Student: 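Have a look at this one before I ask anything.
The structure displayed is predicted, hence computed values, not measured ones. When a ligand or atom number is given, it counts from 1 through the structure's own listing order.
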Amino acid sequence: MKKVITYGTFDLLHWEHIQLLKKAKELGDHLTVAISTDEFNELKHKSSYHSYKNRKSVLEAIRYVDEVIPENCWEQKKEDILKNNIDVFVMGNSWKGEFDFLKEYCDVIYLNSTEEISTTMIKG
Ligand code: C2G
């Protein structure tokens, strides 16, 4: 079974998030999403409208998502990949190049998105 992982806050889910999750799932058979906890969001200087609990339940309702785990820190990716036997790490191209160090452990793919939408824009 080919396992894929991606990371993010996924607040106020919009169609570009869905596109990313759909394309990520198409790269394998199982998609794990590591969703930023409220505490980690503070570290990212990012406030989310919805709580971790609510953002997690929304993601779990999406057909492309097989498992949701917490993202507590920047440094957990290598351990997550090894512990969960991940084959492919995927992020939107807003992160292009940032996680190339993970190529030692799995494939690293940055997916194009028009980035037309941002949660901040939706919040208004
Ligand atoms: N994304 C996208 N298009 C958008 C907005 C976001 O493709 N219009 C992608 C981002 O590139 C990311 C994912 O959707 O891969 C989640 O985006 P956010 O929820 O904004 O998460 P982010 O703040 O990028 O946190 O350790 C990684 C971080 O947790 C990523």
Student: Could you pull out the closest heavy-atom pair between D38 and S48, with the gap in Å?
Tutor: OD1-OG, 4.0 Å
Student: Is the side chain of N84 donor-acceptor paired with the backbone N or O of D80 at a distance under 3.5 Å, no angle test?
Tutor: yes
Student: Any idea which of W95, F99, Y110 brings a heavy atom closest to atom 30 (C) of ligand 1?
Tutor: W95
Student: Can you tell me if R55 and T9 form a side-chain donor-acceptor pair at under 3.5 Å?
Tutor: no
Student: Taking L59 as the starting point, is it possible to reach I5 by hopping between hydrophobic residues whose side chains are less than 4.5 Å apart?
Tutor: no
Student: List every atom of ligand 1 that sits less than 4.0 Å from any heavy atom of W74, numbering the atoms from 1 in the order shown and giving each element.
Tutor: 26 (O), 27 (C)
Student: Looking only at N/O atoms, are T6 and ligand 1 under 3.5 Å apart anywhere?
Tutor: no
Student: What atoms of ligand 1 come within less than 4.0 Å of a heavy atom belonging to S36?
Tutor: 29 (O)
Student: I need the atoms of ligand 1 closer than 4.0 Å to a non-hydrogen atom of H17, numbered in the order shown.
Tutor: 14 (O), 19 (O)
Student: Do any nitrogen or oxygen atoms of F40 come within less than 3.5 Å of a nitrogen or oxygen of ligand 1?
Tutor: no
Student: Report the C-alpha distance between F89 and Y105 in whole Å, list the side-chain angles of each, state the deciding distance to 0.1 Å, and finish with yes or no for ring pair (Phe, Tyr, Trp, His ring centres under 6.0 Å).
Tutor: CA-CA 9 Å; F89 169 89; Y105 313 106; over 10 Å; no
Student: Pick one of side chain, backbone, both or neither for how Q19 approaches ligand 1, counting any non-hydrogen atom pair under 4.0 Å.
Tutor: neither
Student: If the cut-off is 4.0 Å to any non-hydrogen atom of K46, which atoms of ligand 1 fall inside it?
Tutor: 18 (P), 20 (O), 21 (O), 22 (P), 23 (O)
Student: Which ILVMFWY residues can you reach from M1 by hopping between side chains whose heavy atoms are under 4.5 Å apart?
Tutor: none
Student: State the atoms of ligand 1, each with its element, that fall below the 4.0 Å cut-off from a heavy-atom position in K77.
Tutor: 26 (O), 27 (C)
Student: Say whether E16, considering both its backbone and side-chain N or O atoms, lies within less than 3.5 Å of an N or O atom on ligand 1.
Tutor: yes
Student: Would you check the N or O atoms of K44, main chain and side chain alike, for any that come under 3.5 Å of an N or O of ligand 1?
Tutor: yes
Student: Looking at M91, which atoms of ligand 1 are within less than 4.0 Å of one of its heavy atoms?
Tutor: 15 (O), 27 (C), 30 (C)
Student: Could you tell me which non-hydrogen atom of G92 sits nearest to which non-hydrogen atom of L20, and how far apart they are?
Tutor: N-CD1, 3.5 Å
Student: As a quick check of understanding, evaluate ring pair (Phe, Tyr, Trp, His ring centres under 6.0 Å) for W74 and F40, giving each step before the final call.
Tutor: CA-CA 8 Å; W74 290 110; F40 181 50; 5.1 Å; yes
Student: Report yes or no: do N54 and Y49 form a side-chain donor-acceptor pair below 3.5 Å?
Tutor: no
Student: Would you say T9 has any N or O atom under 3.5 Å from an N or O of ligand 1, going by distance alone?
Tutor: yes
